[in-house]
Visitor: 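Structure provided below as structure tokens; questions to follow.
Just the heavy atoms: all of them, side chains too, but no hydrogens, waters or symmetry mates, feed the values below.
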Amino acid sequence: MIRRFLIAALAGALPLWAVAAPVTVPDHRGRTLTLPAPPQRIVTLMPSLTEGVCALGGCARLVGTDRFSNVPAEVLALPKLGGLEDAQVERIVALKPDVVIVAPSARIIDRLEQLGLKVLVIDSNNHAEVQRGLETIAKVLGTPDRAAVAWAAIERDMKTAAEGVPAGVRGQRVYFEVDGSSYAAGRSSFIGETLTRLGMGNIVGPEFGPFPKLNPEFVVRAQPDILMASARNVEAMPARPGWGTLKSVQQRRWCSFPADQYEFLIRPGPRMGEAALILAHCLAGLDKARR
């Protein structure tokens, strides 16, 4: 009887959940999520989560993503379901996902759960949370061993990046701007921790939290040695009130990232190691220009 049951399942006559073991994982709210089997229909509502699912072997199971998910290329053709503030509930429900993977800041969490959908909340403020998130997603996918492989690749690139930062810039204090509204990457954020791994300082201490909104005068008073931001924001910096007094502006001591590179830097997922290499490359260029 059991033999016939397994043969039928493998032949596709029975659904996967009929033979697969249930999956139980804690999410980042401290709640336990239980699924009858590894999900075959997944919706992700944050680009880094989409990238995480794909890096861990689950890309073919995605049936929809947020509007900003664009890596890898195969997710571009999937239904785009809004963002953190305006996710499209009806369309998500219509896709009949086995699980919806979201960030804690998504406004849609309670509504989706009220409608009976399974929701997995993954936070990613710092390196430890990113690693735990990859482990959680990998377990949900039924591919737990892939998380260690993905994290080892990140660590390998981080090490290579750190080795590539010249001694002449190590220890210098950075202001990393997350967007044009003076949100910054603090020392306790995943970006701040990457900068620390590269031997760099940060004008935003851990007491401010991972991504605080700063008064522009704070940056002027702090006098960062190096500015980092998207190319668009760097272009606007010299015209900001008081910013012309910054030596980093006067000496053009900045890392100005084009949009495609900037995406690497602000997405806390499997490409964090590549982001570290981009940062190290810019820092090496600043050191060379100073000589």
Side-chain angles (χ1 to χ4, degrees), residues 9 12 14-72 74-125 129-151 267-270:
L14 292 173
L16 180 63
W17 57 261
V19 292
V23 176
T24 300
V25 293
D27 74 3
H28 286 210
R29 297 173 292 178
R31 300 183 184 181
T32 298
L33 174 71
T34 299
L35 301 171
Q40 300 304 300
R41 298 181 62 80
I42 301 171
V43 166
T44 51
L45 294 179
M46 193 169 188
S48 57
L49 298 175
T50 302
E51 293 181 24
V53 169
C54 288
L56 297 169
C59 216
R61 307 190 214 176
L62 288 171
V63 296
T65 75
D66 66 286
R67 69 166 62 90
F68 300 109
S69 287
N70 58 0
V71 176
E74 51 260 45
V75 307
L76 292 172
L78 293 172
K80 299 305 176 187
L81 307 167
L84 291 174
E85 300 293 325
D86 61 352
Q88 299 166 7
V89 178
E90 294 81 5
R91 293 185 66 205
I92 293 172
V93 173
L95 289 169
K96 299 181 180 179
D98 300 317
V99 67
V100 181
I101 307 179
V102 302
S105 53
R107 298 178 61 181
I108 199 174
I109 295 173
D110 291 342
R111 180 62 177 149
L112 291 177
E113 291 183 328
Q114 289 167 3
L115 292 170
L117 294 184
K118 298 285 188 177
V119 179
L120 178 64
V121 179
I122 300 290
D123 210 349
S124 51
N125 284 315
E129 288 182 348
V130 173
Q131 183 178 14
R132 183 158 65 98
L134 290 172
E135 291 170 349
T136 300
I137 293 171
K139 187 173 181 181
V140 166
L141 293 174
T143 57
D145 294 342
R146 293 200 179 205
V149 175
W151 190 255
R267 292 186 178 178

Visitor: Give the intermediate values and the outcome of side chain to side chain contact (heavy atoms under 4.5 Å, CB included) for residues Leu33 and Val99.
Guide: CA-CA 10 Å; Leu33 174 71; Val99 67; 4.1 Å; yes

Visitor: Ignoring hydrogens and angles, tell me if any N or O in the side chain of Arg61 forms a donor-acceptor pair with the backbone of Pro39 under 3.5 Å.
Guide: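 Yes: the side chain of Arg61 pairs with the backbone of Pro39.
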
Visitor: Among residues two or more places apart or on two chains, list those pairs meeting salt bridge (Lys or Arg N to Asp or Glu O under 4.0 Å) that have a residue in residues 110-124.
Guide: Arg29-Glu113, Arg31-Glu113

Visitor: The test is side chain to side chain contact (heavy atoms under 4.5 Å, CB included); show your working for Asn70 and Leu76 and say whether it passes.
Guide: CA-CA 6 Å; Asn70 58 0; Leu76 292 172; 3.7 Å; yes

Visitor: Considering all heavy atoms of both residues, which atom of Leu134 and which atom of Gly52 are nearest to each other, and what is their separation?
Guide: CD2-CA, 4.2 Å

Visitor: Does some side-chain heavy atom of Leu81 sit less than 4.5 Å from a side-chain heavy atom of Leu95?
Guide: yes

Visitor: I'd like to check Arg67 versus Asp86 (side-chain heavy atoms, cut-off strictly below 4.5 Å). Are they in contact?
Guide: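 Yes - at least one pair of side-chain heavy atoms lies under 4.5 Å apart.
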
Visitor: Check Val23 against Val140 and note the closest heavy-atom contact, atom names and distance.
Guide: CG1-CA, 3.7 Å

Visitor: Are Leu56 and Pro270 side-chain neighbours, meaning at least one heavy-atom pair lies under 4.5 Å?
Guide: no

Visitor: Quick one: does Leu35's side chain get under 4.5 Å of Asp98's, heavy atoms only?
Guide: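 No. Closest side-chain heavy atoms not under 4.5 Å.
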
Visitor: Is there a side-chain contact between His28 and Ser124 in this structure, where contact means two heavy atoms from C-beta onward sitting under 4.5 Å apart?
Guide: no

Visitor: Take Gln131 and Glu135, measure what side chain to side chain contact (heavy atoms under 4.5 Å, CB included) needs, and give me the verdict at the end.
Guide: CA-CA 6 Å; Gln131 183 178 14; Glu135 291 170 349; 3.8 Å; yes

Visitor: Nearest 0.5 angstrom please: Arg41 CZ to Leu62 CG, how far?
Guide: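 It comes to 11.0 Å.
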
Visitor: Look up atom CD in Glu90 and atom CD1 in Ile92, then write down how far apart they are to the nearest 0.5 Å.
Guide: 9.0 Å

Visitor: What is the distance from atom CD of Glu85 to atom CD1 of Ile108, rounded to the nearest 0.5 Å?
Guide: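 Spacing of CD (Glu85) from CD1 (Ile108) equals 11.0 Å.
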
Visitor: State, with a plain yes or no, whether a side-chain heavy atom of Pro36 is found less than 4.5 Å away from one of Pro22.
Guide: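 Side-chain contact under 4.5 Å: no.
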
Visitor: Apply the test side chain to side chain contact (heavy atoms under 4.5 Å, CB included) to residues Thr24 and Thr32: give CA-CA distance (whole Å), side-chain angles for both, the deciding distance (0.1 Å), then the verdict.
Guide: CA-CA 7 Å; Thr24 300; Thr32 298; 3.2 Å; yes

Visitor: If you define the side chain from C-beta out and look only at heavy atoms, does anything of Asp66 sit under 4.5 Å from Leu49?
Guide: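 No, every pair of side-chain atoms sits at 4.5 Å or beyond.
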
Visitor: Quick one: are Val75 and Cys59 in side-chain contact, heavy atoms under 4.5 Å?
Guide: yes

Visitor: Tell me which pairs pass salt bridge (Lys or Arg N to Asp or Glu O under 4.0 Å) where either residue lies in residues 44-56, with sequence neighbours left out.
Guide: Glu51-Arg267, Glu51-Arg271

Visitor: If I compare all heavy atoms of Leu45 with all of Leu84, which pair ends up nearest, and what's the gap?
Guide: O-CD2, 4.1 Å

Visitor: Would you find a donor on one side and an acceptor on the other, under 3.5 Å apart, between the side chain of Gln40 and the backbone of Pro38?
Guide: yes

Visitor: Using 0.5 Å steps for rounding, measure from the CD1 atom of Ile101 to the OG1 atom of Thr136.
Guide: 10.0 Å

Visitor: Report the residues that fulfil side chain to side chain donor-acceptor pair (under 3.5 Å) with Thr143, sequence neighbours left out, ordered by chain and then residue number.
Guide: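 Testing Thr143 for side chain to side chain donor-acceptor pair (under 3.5 Å), a comparison that skips the adjacent residues, returns none.
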
